[in-house]
K.L.:
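Handing you a structure now.
Counting convention: from 1, in listed order, for ligands and their atoms alike. Everything quoted here is computed from the prediction, not taken from an experiment.
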Amino acid sequence: MDILLMGPPGAGKGTQATLLCDALGLPTFATGNLLRDAVRRGTPLGQQAKAVMESGQLVSDDIILGVIRDELDAPAAANGVIFDGVVRTIPQAEGMERLLAERGRRLNAVLFFDVPDAEILGRIERRRGIEGRADDDPAAVAIRLQSYREQTAPVLAWYEQRGTLVRIPAVGPVDDIATRVRRALAEHGS
Ligand code: AMP
């Protein structure tokens, strides 16, 4: 089963991805985590992505599709993947569809974590205090939210047209949201 988690920065995708990983026994894959790790280790990928990430802008579609291809070719991903924040532009959505189709797969569900803007800013501010991410500073957050609205929000309509998008109200206790996610997958995850 391949599941895509979407939503603005700070929507709680990572938290729910971890819970789903335990429940379904599938690996999670977050391009943000992979890229941060590459930057920390100073790999060629990290060197390419560092400045763009720190500014809050999106890394190029070619880079992202390359890392998605590598992930899909990993043996651990053979039975499906929980993709956390991996598709952020229409070309990425098209590329992901193609890469999955080449392997006889498709996204079984796209879960959109719906959180009001005011709540998001508060969550990112709290996370900055805990994780100290360079791209959680106010200037970078503003750019991340802008690229979300301009480039990622249209992807929701793209999936909606294909009938794979499920909207999850993502405010409230983590366990309540996890229950909504399980129900959504039971009803729509085919
Ligand atoms: P995240 O941890 O998911 O907020 O990602 C941190 C940063 O990594 C983003 O602000 C982007 O610069 C980059 N990034 C992560 N995933 C993608 C993606 N699918 N497309 C483009 N850039 C990405």
K.L.:
Would you call Arg69 and Glu102 a salt bridge, taking side-chain N to carboxylate O under 4.0 Å as the test?
P.N.:
no
K.L.:
Check this for me, if you would: do Arg180 and Asp114 make a salt bridge, where the nitrogen-to-carboxylate-oxygen distance has to be below 4.0 angstrom?
P.N.:
no
K.L.:
Run through Arg123, Arg127, Arg128 and flag the one making a salt bridge (charged side-chain N to carboxylate O under 4.0 Å, His left out) with Glu125.
P.N.:
Arg128
K.L.:
With a sphere of 6.0 Å drawn around CZ of Arg183, does it hold more than 12 non-hydrogen atoms of other residues, nucleotides or ligands?
P.N.:
no
K.L.:
Just to be sure I understand the cut-off, which residues have at least one non-hydrogen atom under 4.0 angstrom from an atom of ligand 1?
P.N.:
Thr31, Gly32, Leu35, Arg36, Met53, Gln57, Leu58, Val59, Ile64, Gly85, Val86, Arg88, Gln92, Arg133, Asp135, Arg144
K.L.:
Looking at Lys50 and Glu54, is any side-chain nitrogen of the basic one under 4.0 Å from a carboxylate oxygen of the acidic one?
P.N.:
yes
K.L.:
Treat each ILVMFWY residue as a node, draw an edge where side-chain heavy atoms are under 4.5 Å apart, and state whether Val87 and Phe113 are in one component.
P.N.:
no
